[in-house]
Amino acid sequence: MNYWLMKSEPNEFSIDDLKNRPAGTDCWDGVRNYQARNFMRDEMRVKDRVLFYHSGKNPAVVGTARIAKAGYPDHTARERGSKHFDTRSTPENPIWFMVDVKFEKKFSRAVSLAELRKISALREMTLLRKGNRLSVMPVTREEFDTILSLAK
DNA sequence: GCCAACGTTGGC
DNA sequence: GCCAACGTTGGC
C-alpha cells in the first residue's frame with residue numbers, strides 16, 4: 001500500500017467535483033511534470049490512498065481518495081485545443097500519463113498548510129520542503145495518519 | 001499582485 | 001554540456 005498527496009486548484013477541480021462524479025471517480029489528467037508523471041505511471045496501484053490537497057487561496061488538505069485505476073495514457077495530450085495538448089504525444093509514445101481517483105471522504109474541517117507546518121512529526125514532509133512544486137508526491141504512512149488525526 | 005523557486009528551452 | 005532566459009507554480 002502506497003500513500004500519496006495530489007494537488008488541485010479547487011477552481012479547476014475540487015474534492016466536491018470529484019465527489020459528484022459518477023461513482024465518485026474521475027481521471028487525474030493534465031499533469032505535465034516528469035517526476036509527477038513517473039509516480040502515476042510507475043508506482044501508483046489500485047487502492048493506494050490519496051490526500052486530496054487544494055492549492056491556491058486557502059491551501060489545505062481537504063479529504064481522502066483512493067487510486068481506482070493505475071497509470072494509463074493521458075488522452076488530453078492528444079486533444080488539439082486542449083490546454084494540455086502536446087504535439088510530441090503519439091499513440092505509440094503517449095509521454096503523459098494519468099490515473100483514476102475515487103472519492104473517499106471529505107474532512108469535516110480542512111487541514112491548512114499553515115497548520116501542517118506547525119506539526120513536528122511532519123517536518124520532513126515533501127509538501128513542506130522549500131521550493132517544492134510537485135503536484136503529485138508520495139507521503140509516508142505516518143504522515144498520512146498524522147494528517148487524518150488532525151482532521152478529526 | 002508579487003516574487004521565489006523550479007523546470008524547460010535554446011543558443012553557443 | 002553549460003547557462004541565461006523564460007514560463008509556470010503556488011505561497012504569501
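These values consider heavy atoms only, across backbone and side chains, with no hydrogens, waters or symmetry-generated copies. Just so we're on the same page: letters track the sequence lines, and every chain starts at 1.
- In the set dT9(B), dC12(C), dG10(C), dG10(C) carries the atom at the smallest distance from any side-chain atom of Ser135(A).
- Asn93(A) and Thr90(A) share no donor-acceptor pair across their side chains, judged by distance under 3.5 Å alone.
- Ring pair Trp96(A)/Tyr34(A): centre-to-centre distance below 6.0 Å.
- In this structure, NZ of Lys57(A) is placed 14 Å from P of dG1(B), rounded to the nearest angstrom.
- Summarising the geometry, the separation between CG on Asn11(A) and P on dG10(C) is reported as 13 Å, rounded to the nearest angstrom.
- Regarding contacts with the backbone of dT9(C), every side-chain N or O of Lys7(A) stays at 4.0 angstrom or more from both OP1 and OP2.
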What string of B, S and - do you get for nucleotides 2-7 of chain B, 5' to 3', when a contact is any protein heavy atom under 4.0 Å?
---BBS

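- For Ile95(A) and dT8(B), the CD1 to P distance is 12 Å, given to the nearest whole Å.
- Judged by distance alone, the side chains of Ser55(A) and Arg133(A) never bring a donor and an acceptor atom under 3.5 Å apart.
- When the P atom of dT9(C) is taken as reference, atom OH of Tyr53(A) falls 15 Å away, rounded to whole Å.
- In summary, the side chains of Ser14(A) and Asp16(A) do not present any donor paired with an acceptor at a separation below 3.5 Å, with no hydrogens or angles considered.
- Ring geometry, Phe52(A) versus Phe13(A): the interplanar angle falls from 30° to 60°, so the pair is classed tilted.
- Going from atom CE of Met137(A) over to atom P of dT9(C) covers 14 Å, rounded to whole Å.
- For the pair Arg129(A) CZ and dG11(C) C1', the computed distance is 18 Å after rounding to whole Å.
- At whole-Å resolution of the value, CG in Leu134(A) and P in dG11(C) are 13 Å apart.
- Of the listed residues (Ile147(A), Thr146(A), Leu128(A)), just one forms a side-chain contact (heavy atoms from CB on, under 4.5 Å) with Ile119(A), and that residue is Thr146(A).
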